[in-house]
Amino acid sequence: MGLIASLLALFGCDQQKVDEAMKKAKSVATDTWNSVKPDSQLFKGIEIGKSTEDDVRRQAGKPEIVWEEPEGGRRLEYPRGPEGATTWMVTTNADGTVRAIEQVLTGENFAKVRPGMNKDQIRRMLGKPTKVEAFRLKQEEVWGYRWFESPTDRAFFNVHFNNDGTVTTTSRSDDPSKRQGG
């Protein structure tokens, strides 16, 4: 009741402004919940082959980015960072039904990263990096992905790009939280 009273005080008795403010507040609350919702709840009730992209968006919220697939479907990215260690990709068929839901920050996917790949290919495969660092003297940019190296240990998988934006190598580093005082 306090929120409604505050809104009425701010906007007087203009019901349209109150309704707009309430709609915005609900949207912000929903977006906030979707960003912190446990992974186990993110796609709850979504069924492969039955659920649609609209169902996914209602349950998981707005994706970070959407790519068009060559066969007409779409790929929706749901990164769980910056402190999270998962990124979910939902792939739909051309008719909008969900074809696959996968957590992409895995050793199997990291093994697919090859020298010569470009940033778009890496982003589409692994999603939004947890951190991006530029090393001017080495003339490289490094994208770091926090992930669960084991069920209890987080680490970083790093993709190194040259000035042309192509992969030169990959590396692994400890998660800063493993360091004393981190």
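Being a predicted model, the structure only gives us computed values, none of them experimental.
- A heavy-atom distance below 4.5 Å is not found between the side chains of Q121 and K112.
- Side-chain atoms of R99 never come within 3.5 Å of backbone atoms of G96 as a donor-acceptor pair (strictly under, hydrogens ignored).
- In this structure, the side chain of N109 engages the main chain of V104 through a donor-acceptor pair within 3.5 Å.
- Distance check: R146 CZ to K131 NZ gives 8.0 Å after rounding to the nearest 0.5 Å.
- Under the 3.5 Å distance criterion, with hydrogens and angles disregarded, no donor-acceptor pair is assigned to the side chains of H160 and T170.
- Rounded to the nearest 0.5 angstrom, T169 OG1 and N162 CG are separated by 11.5 Å.
- A 4.5 Å side-chain heavy-atom check between V142 and N158 finds at least one atom pair inside the cut-off.
- Distance check, rounded to the nearest 0.5 Å: CG of N163 to CZ of R136 gives 9.5 Å.
- D164 and T166 share no donor-acceptor pair across their side chains, judged by distance under 3.5 Å alone.
- The OG1 atom of T87 sits 6.5 Å away from the CD atom of Q103 when rounded to the nearest 0.5 Å.
- One hydrophobic cluster, built from ILVMFWY side chains closer than 4.5 Å, cannot hold both F148 and Y145; they sit in different ones.
- Of the possible polar contacts, one joining the T92 side chain to the R74 backbone as a donor-acceptor pair under 3.5 Å is found.
- In this structure, N118 contributes its side chain and D120 its backbone to a donor-acceptor pair below 3.5 Å.
- Both V56 and W88 belong to a common hydrophobic cluster when Ile, Leu, Val, Met, Phe, Trp and Tyr are linked at side-chain heavy-atom distances under 4.5 angstrom.
- Counting heavy-atom neighbours within 6.0 Å of K128 NZ, excluding the residue itself, gives a total of 12 or less.
- Residues L42 and I65 do not share a hydrophobic cluster, clusters being chains of Ile/Leu/Val/Met/Phe/Trp/Tyr side chains in contact below 4.5 Å.
- The distance from the CD atom of E133 to the CD atom of E140 is 10.0 Å, given to the nearest 0.5 Å.
- Considering only heavy atoms from C-beta on, E68 stays 4.5 Å or farther from R75 through its side chain.
- Of all heavy-atom pairs spanning G61 and Y78, the tightest one is O-OH, 2.7 Å.
- Residue F161 holds its CZ atom at 7.0 Å from CD of E141, rounded to the nearest 0.5 Å.
- Hydrophobic clustering (ILVMFWY, side-chain heavy atoms < 4.5 Å, transitive): L76 and V98 are in one cluster.
- W147 is connected to W143 through a chain of hydrophobic side-chain contacts under 4.5 Å among Ile, Leu, Val, Met, Phe, Trp and Tyr, so both are in one cluster.
- Relative ring orientation between F110 and F157 is described as parallel, the plane-to-plane angle staying below 30° on a 0-90° scale split at 30° and 60°.
- By the neighbour-count criterion of 12 heavy atoms within 6.0 Å, atom NZ of K138 is sparsely surrounded, having that number or fewer from other residues, nucleotides or ligands.
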